[in-house]
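Numbered from 1 within each chain, the chains take letters A, B, ... in sequence-line order. Side-chain atoms are counted along with the backbone in the values below, which use heavy atoms only and exclude waters and symmetry mates.
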Amino acid sequence: MADCRPVADDRLKLLEERTRYVPGDVEPRVFERWERAGVFHPEPEGDAAENFTIPVPPPNVTGVLHMGHALNSSIQDSLIRLARMRGRRAKWIFGTDHAGIATQVKVEEALAAEGRRKEDIGRDAFVERVWEWRREHGSQIVEQLERLGASLDYGDERFTMDDAYARAVRHVFVALYEKGLIYRDNYMVNWDPGTRSAISDLEVEQREIQDTLYMIDYPLESGSGSITVATVRPETMLADTAIAVNPSDERYTRLIGETAILPLVGRRLPIVADEYVKTEFGTGALKITPGHDPNDFEIGRRHGLEEISAIGEDGRMTAAAGERFAGLTADEARREVVAALREQDLVSGTQPYVHDVPCSHRSGMRIEPLISLQWFCDMGTLAGPAIAAVKEGRLRFHPESPWTGVYLDWLEGIRPWCISRQLWWGHQLPVWYRGDEVHVGAQAPAGDGWTRDPDVLDTWFSSALWPFATLGWPDDTPELRAFYPTDVLSTARDIIFLWVARMVMLGIELTGELPFTDVPIHSVIQAPDGRRMSKSLGTGIDPLDLIDGGPRPPVYKEGGEFPAYGADALRFGLLASSSSQDVRFNEERVKQGRDLANKLWNASRLILLGVEEGVAPSPDAAEAPEDRWILSRLERITERTAAALDRFELSAAALDLYDFFWSELCDWYLEMAKPRLYDESRDRTAVSATLLFCLDRSLRLLHPIMPHVTEEIWGFLPHVSTDRPTTSGGSGGREPPDLLPPVAPGRGGEGSASERGLLAVAEWPVADGSRIDDEAEELVGRVIAAVTELRRYRDEAGVKPSALLPARLAADGYDGAAQHLERLARLELRSEGDAAAAEIPVPGGAVQLLPTDAFDPDAAAAKVAERRERLEGEIERLERKLANEPFVERAPAEVVEGERSKLAGYRADLERLG
RNA sequence: GGGCGGUUAGCUCAGCUGGUAGAGCGCCUGCCUUACAAGCAGGAGGUCGCUGGUUCGAUCCCAGCACCGCCCACCA
């Protein structure tokens, strides 16, 4: 074996024998090499401007990888790998989120299976139970991300409940409290009876339900009749404290200031005037329940009305509801109240009513609005700088529209954020009480008699600190200096408000810096049938089943198993099929990715097993026009790929690379190169060096998107010393377990043929414009067009694919490339001979087919006629267009000129057809 | 109720600043051509949702309409 092929014999044998790429055999092994070499961990050196950082949206500790993670991870990994290849210290901050409610619910369910409730074991034991759960289940998502090839800094994992992180959270709470931005208030909140906790506005979703609208008569105190109100929640009448009408509503103006008597209760209700009341809705008279309706709450405060809580936090009626109803659930109370009213003949009508009601995003239960003492964060002052950052272009969404507007609209109408949660799992508030005293501080106050607030913080509160708390903030750590502010935050649109905007607000407020500058928003992937992907609906697809094979979920009626497409295939498929638009999951794109991996593998076999030994990749060895052509095309794809990736257009990059590699490199260049490659009688150095260079460059360009297969093939390449030592350190140096070439200690290639570095840290190519060769592109473009034309003709004329047709080239502009036309169109070119039996127009002239048994011109006559008709149609159209004076006068000159030459071309073609 | 997005080949989707459209899969025909049948060659298939308008010219710009979807919102 020659020096420059530092690949062990049995590995070469594998390359020779394997005609199919098997991702399952390769991917885990390649991943292990990266990890061992330490490529995922950059040392905290340099500053944030030179380094590149992405904070991963931390998955829930107990979560499993779903399609959204797979897509987002593919995007982030591509960007991180790109940056790493560009020589930047690339840190992909890794960690998981404690996910308050989600995790607590899971552990509660586990307890329930044992027949116990969390109250049975107490708070401390319960929290310990959650930690245990995390130790058991927390690693699953990590393994899944690894299987995907995500180059996260796994060794530096964070958890939002780590001690250091918790310190940061307490620090923030105290700081914002002292600034007056966090405060405690008795206010109307969204009470979720399912989780028995208050939740924020963002965790409420509207669901349409079928309801009944009741018309209830409230007698007037004066005895002169009654006033009728409409409600869908009769049980809340027990907490009514007024009736409101619109001041301009003539039906009721005389009643304003009067008093009605609340049925069943007997409370005196003032009739007040308020603009809020719509005259045309219901009866135009609105019962006011400040304790259980957000609107009524506002109206109540405006009019100084009493606030009565008739429904408690347990969802049952309180003593304030009266003896008859206390203890009933709200639903029971409704039936009872209606029954009682009917007895007194006070229900004057009902009608079916479909409307949206607020429900808990978490538990699904209908929100019970009630007044509660909770902690709030005032967002108004935090929003200003976050708005300015976007308006001044310092923070950019991709695509800009519509997300910039969505973000700004929300911030401009922002409301206070209820941050306290009545849960056990989470960051307990750093707040202590003793009588009327309140202490807010990182530590418990001195002295006896203090009790700590049992509530915890909304999970999103701690998530909002993610980009800096993970790096050691508020301490001044090397990590913080090296990696903060970060660069990119990639996510789907559903957490722009919940997370992105809050990170921006708190990041600016606390660190004085924007936590990141670019926010690519990616597709939400729907099930193949267009519904949401959801496990419970049976519409979910497990990414791991696509990678390693697994059962098709119920959305696929045909059932069966997914083939083991591999991680690279899934990555390609997701990137290629996603944009900013929601998309249906498209298995075909994953298949396309698998096929591309396979194509890479086989094209590499052709090249690696065929090239002259001892030759290194080089772009300077071109000897034929097709060499200059492919090198030129290579520079163009290099330029386009970098541009697309830098604009976060991963889909365009993936598809463009596919097209280049498959259609240009494999279909045309490899075919043109074969004669030289296979001719052992001549010096094959030039073609070998060029082929190797094409492969080398293709692997680099594809690596961010398909890291495993490219890394695997890279290991077979003889090396050329274009790689610089990498900036970040690494552990490396241990004994490799397989037959792969050793990874140099300190990683990165120093360039010796036997000590090649990993592709993961190889240099990202920069397009070299000097290799753009318009002449070669023109020439080879002609050959391609001519070959295609001839193949079509042959096929239509029924010529056997294997037959060689005698022919004469009667066209200009094929110097130095006619042999490709001859070979790829299966011709035998002659200069002399009989009269042409058929003439096929090609760029620059025609190819004349000479009479032969293999070819019957009559068989193609019909097809020729069809073609003539098409041409005539085109010619007529163009003639009309060019005869149209306004067009010739007003259209740009080059457009008109283009149409003219098109017309000339068609005319020439038609003439040749005879 | 307000806002946003979508409607392009049988399916899933591309299409930058206007010059009559592309990909993958599927389909048809022919090839086991010494990298790859997860392949190769060729082909069929679209009045770019509808109606107007601007323009020499519109899938692309404007207006209206029709469906589909999403987000926001305190009408009982």
Would you classify [X] as touching base, sugar-phosphate or nothing, given that sugar-phosphate means primed atoms plus P, OP1 and OP2, and contacts are heavy atoms under 4.0 Å?
X	result
A:L655	nothing
A:D529	nothing
A:F497	sugar-phosphate
A:K800	nothing

(request) Could you pick out which residue, A:Y21 or A:Q206, lies toward the 5' side of RNA chain B when each is mapped onto its nearest nucleotide? (result) A:Y21
(message) Assuming nearest nucleotide by heavy-atom distance, tell me which of A:K881 and A:R589 is located more 5' along RNA chain B.
(response) A:K881
If you compare every side-chain N and O of [X] against the phosphate oxygens of [N] (OP1, OP2), does one of them come in below 4.0 Å?
X	N	result
A:H355	B:C75	no
A:Y353	B:A76	yes
A:R493	B:C4	no
A:K599	B:G39	no
A:W662	B:C40	yes
A:K278	B:C74	no
A:R792	B:G42	no
A:Y678	B:A35	yes

(message) Salt bridge or not between A:R18 and A:D25? Use side-chain N to carboxylate O under 4.0 Å.
(response) yes
(request) Give a yes or no on whether a salt bridge exists between A:E899 and A:K881, defined as a side-chain N under 4.0 angstrom from a carboxylate O. (result) yes
(request) Map every base of RNA chain B to its dot-bracket character, where paired means a Watson-Crick or G-U wobble contact with both distances under 3.5 Å and | marks a partner outside the strand. (result) (((((((..((((.....[..)))).(((((.......))))).....(((((..]....))))))))))))....
(message) side chain to side chain donor-acceptor pair (under 3.5 Å) for A:D548 and A:Y565? Distances and angles first, verdict last.
(response) CA-CA 7 Å; A:D548 290 317; A:Y565 287 115; over 6 Å; no
